[in-house]
Structures are given as C-alpha cells and as structure tokens.
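Indexing begins at 1, ligand by ligand and atom by atom, following the structure's order. Residues take their numbers from the sequence shown, with the count starting at 1. Source: prediction; values computed, not measured.
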Amino acid sequence: MKKVSLSYFVIGIALYTLSGCSSKHAEKADYTWLKYAIETSAAQLEYTVSEIGDSVLLPRSIWTGYDVNFLCQQLEKKQLIGKDSARLKPIHDNLGSRRYCFSIYDWTSGFFPGNLWYAYQLTGNEEFKKEAVKFTNYLYPLREYKGTHDIGFMVNCSFGNSFRLCPVDSVRQALIQTADNLCGRFNPEIGCIRSWDFGKWNFPVIIDNMMNLDLLFYVSHLTGDDKYKELALKHAETTMKNHFRDDYSSYHVVSYNNDGTVEKKCTHQGQKDDSSWARGQAWGLYGYTSCYRESKNAEFLRQAENIAALIMRRVKTEDAIPLWDYDAPDMPQTPRDASAASITASALIELSTLVEDGQIYFDYAERLLKNLSSEAYLAKVGTNQGFILMHSTGSLPNGSEIDTPINYADYYYLEALLRYMKVKGLNYKLSLIHI
Ligand code: GLY
C-alpha cells in the first residue's frame, strides 16, 4: 500500500458507517469498541505496509530481551529448556525493532498475508487486497515444501484466504499440492500427521497440529475428495485419545513409537510437562470445533465443549486474557498471552453457532474481544511497530517472544472480529472521499 493512499484511507475510516443487517441490533447495542478496533487494525496494517515498502519482509513480532532469572522463576526451574540463551540478553542492536520471519519457511509466514486478507474483508479497501496478493505471492514456493506440519498454517492463512476471497486456478493448485504434502506426513500405523522433523523425539505430534487440519478440510471441499478430510479426522481421533488428561487439558507434545504406542508426553513451550500451556488449550479448542463443523461427530463437539469449560474455569486474570500457561505463577508480572485469547475468541464464536445454546460461548468471546480491544492490549496507531495487539507470549521456556506483539495474535483477533460481525449481522461500509 503506497503512502499516497493513506490520506484517502484515513478519511475513509473516519467515515465508516457501522450498520446492522438487522437495524434493531445496531440501534440498541453500542459498537464503538468494534468500530475503533477495526479502524485501529486497518491503520496499523497500512502503517506496517508503508514501512516495509518493496522489501520482501514478513513481520512477525518485536525483538525483546529477557531476564533469565525471571524466566526460570516462571518455570520453577534452574534452567530454560531451549538453546536460545543468546536471545535472552539485550545484545541485539535491534532490540525493540520489528522482527521479521527468517524466511518464507518460518512457521508464521502466512499470518501477515492473512492479516491483509482479513483487513480487505473487514474494510473493502482494495489497497489491502493488492498488498495481500503481493505478500501471498512471496509464499508461492511453499507449495513444494514438506519439512513441517506448519505448512497447514502457512498456506491456509495466506493462499486459503486468497482463494476464498479471490479465486484463481494457480492458488487452488497450490492449496491442493500443499494438502498432498501435509498428507505425506501422515503415518497410518500411528494415525497422526508428524509435526516436527527436529528434536529428540521419534514421531512428535503437538497439539498445535490440530490447526493444520483446516487446510485439509478446505481442500476436500475444493476437490470433492474426502481423503483429506478422512485423514484429518483420523489425526483428530488419535490426538483426542493421547493428548488429553482427565480434566481435558492437553499435553503439548506426544511422541509416538513406530507401532503407534506412545513414546513420551512432554512440553516444549509450556511451564512443565503436565501443565496447561495457554495457547495449546486454545489450539485444541479451535481444532475440535473445526472437526465438529466438518464431521458432525458428537465426540468432537464434546471435546471442544470440555476444552472450552476448562479454559473458562482455569483463567486467573480479571480480564480473562490468560497467563501464558494456566499453571504459571499467579503474579502480576507473569506474562500473558493475548494470542491464546484471540484464538479462543475466534473458536468460541464458531462453537456458539454449532450448538443449541451457544450464548455462553458467544458472551465469553465478546468479553475477550472487548478486553483485547481496550487500551491494555490494542496498540495505539503508529506504535507497537505496526502490530495490532500487545502482550503475547511465543515460547517462554525457549526465551523467545515474551510479552510482545506476534502476527498470529493479530490474525485470530481479526478473524474473531469478522466472525463476531457475521453472527451479529453487522457490516462496515467504507465511504472513501477523494480530496
Ligand atoms: N505453533 C507454535 C506455537 O503456537 O507457538
């Protein structure tokens, strides 16, 4: 998006008209917070795009330094589990500056293009579409990549949204090719898609992998071939059996032996092996909600509802934005994870539409969204290196991205705003006036 368009756009957003398809709704409710959330998000993305210019860079988070002793206290351990200690000290010249994906093969590379697609959908501003196409195109080589389960995230959030909003054949092909590559990571003996190719595990599967299933569901719809969906549902069944504890909290990592027995259950990003890592619970909730949407299998619905209940029961903060792990020390300085809240909000809105009495889920999601849209989490325009939300936590045990903005927090926040407006029958009309 060129800087020249900014004046039009700022005027445009000043003239947003929020209108409900049901005018009764719109008159009664106060949607000032929502209008402000969309205006701020759009302005932040426009600012980011103008800063990047024509460089091939994908924003990810902000470089931050940490106090190792504080992190060890959070973990109630003497040592961090990662090897990233260099990241812990404020040694970077670039501390406080925007951190970009290391390449298109970074697991978060699809989120920034996805944010631009969502901004286009929210505002109707064609400049966002133009930028979304440009940033999505950078990722085209990913259709050949087989090195991680994260290709589901990377390609669905970028090319998936691209095809949904502006279908073209090459994008369809990229989605199918990626889905085939993701299926290539499925082991039928184990009944799961392999998550990572690094580390000491035999066949690691992480709860996050539930999020890659949406690509497979989407490609089943695109092609009319159920094989993608069936494989995804098998993965979800195996994960339901082995990842969850009696209270419906989940392990982060379950590694399997080649015969399908469990080798090990542990964590890589949570507080300890049997703790409830906040984003992991959100990934599980979102994943099983998708599985129920696609299969109408009541077991998946029960799983999603039980995870939702766990999240609502275990949250310790007044504003319901969780601490980075539900078992982390309950102290004011414990970092929160806004990304877990935005994923949860998006999932709960969908869940609310799939059950008879979904109001409890919708109300909780609305509370999360209003709190994320408050000044405690929503950045002021021109600050936060152009990211929308503050206060997410990537991987505390690895000393990485703690209490910082992160692109996927923004992605699921925008998605939740869209889902919220759909349920409420709300629509934004953008009135651009040329001066
Ligand atoms: N999928 C990696 C994470 O949630 O941090």
Side-chain angles (χ1 to χ4, degrees), residues 58-62 64 71 74-75 80-82 84 87 99 101-102 105-112 114 142 145 147-158 182 185 192-199 201 204-215 235 239 243 249-255 266-271 275-287 290 307 311 322-326 328 335-347 387 389 391-413 415:
L58 295 153
R60 174 174 164 143
S61 63
I62 292 182
T64 323
L71 299 186
Q74 286 288 305
L75 297 169
L80 304 182
I81 64 174
D84 293 349
R87 291 190 190 155
R99 173 177 171 177
C101 293
F102 64 82
Y105 300 99
D106 182 310
W107 83 271
T108 70
S109 64
F111 293 116
F112 185 68
L142 287 181
Y145 186 50
T148 172
H149 70 143
D150 287 324
I151 48 179
F153 274 113
M154 293 147 86
V155 171
N156 201 32
C157 300
S158 52
L182 188 55
R185 298 181 65 80
C192 271
I193 297 165
R194 184 187 180 103
S195 294
W196 294 328
D197 289 354
F198 66 87
W201 307 279
V205 178
I206 62 174
I207 190 65
D208 324 30
N209 204 337
M210 290 298 298
M211 299 299 286
N212 294 308
L213 307 185
D214 261 336
L215 172 74
H235 176 95
T239 298
H243 257 82
S249 66
S250 86
Y251 285 92
H252 181 208
V253 187
V254 174
S255 176
C266 57
T267 196
H268 188 61
Q269 288 172 238
Q271 202 239 8
S275 74
S276 304
W277 174 48
R279 196 163 54 260
Q281 313 314 302
W283 292 143
L285 169 65
Y286 192 114
S290 296
I307 303 170
I311 289 173
L323 303 180
W324 70 278
D325 188 301
Y326 291 101
R336 297 186 181 207
D337 185 10
S339 78
S342 60
I343 298 156
T344 299
S346 185
F387 292 94
L389 295 179
H391 305 309
S392 288
T393 295
S395 185
L396 190 142
N398 291 282
S400 179
E401 295 178 317
I402 304 158
D403 194 13
T404 182
I406 309 188
N407 56 15
Y408 47 84
D410 293 355
Y411 179 87
Y412 291 100
Y413 174 68
E415 182 180 89

Trp324 and its side-chain contact (heavy atoms from CB on, under 4.5 Å) partner, picked from Arg336, His391, Gln271, Arg279: Gln271

Within-4.5 Å side-chain heavy-atom neighbours: Leu182 and Leu215: yes

Parallel, tilted or perpendicular: rings of His268 and Phe198 (30°, 60°): tilted

Aromatic ring pairing Tyr408/Trp283, orientation class (parallel under 30°, perpendicular over 60°, tilted between): tilted

Contacts of type side-chain hydrogen bond (donor to acceptor under 3.5 Å, both in side chains), residue Arg185, not counting sequence neighbours: Asp197

Ligand 1: protein residues within heavy-atom distance under 4.0 Å: Trp107, Asp208, Gln269, Trp277, Arg279, Trp283, Tyr408

Ser276 side, atom OG; Ile307 side, atom CD1 - distance, nearest 0.5 Å: 11.0 Å

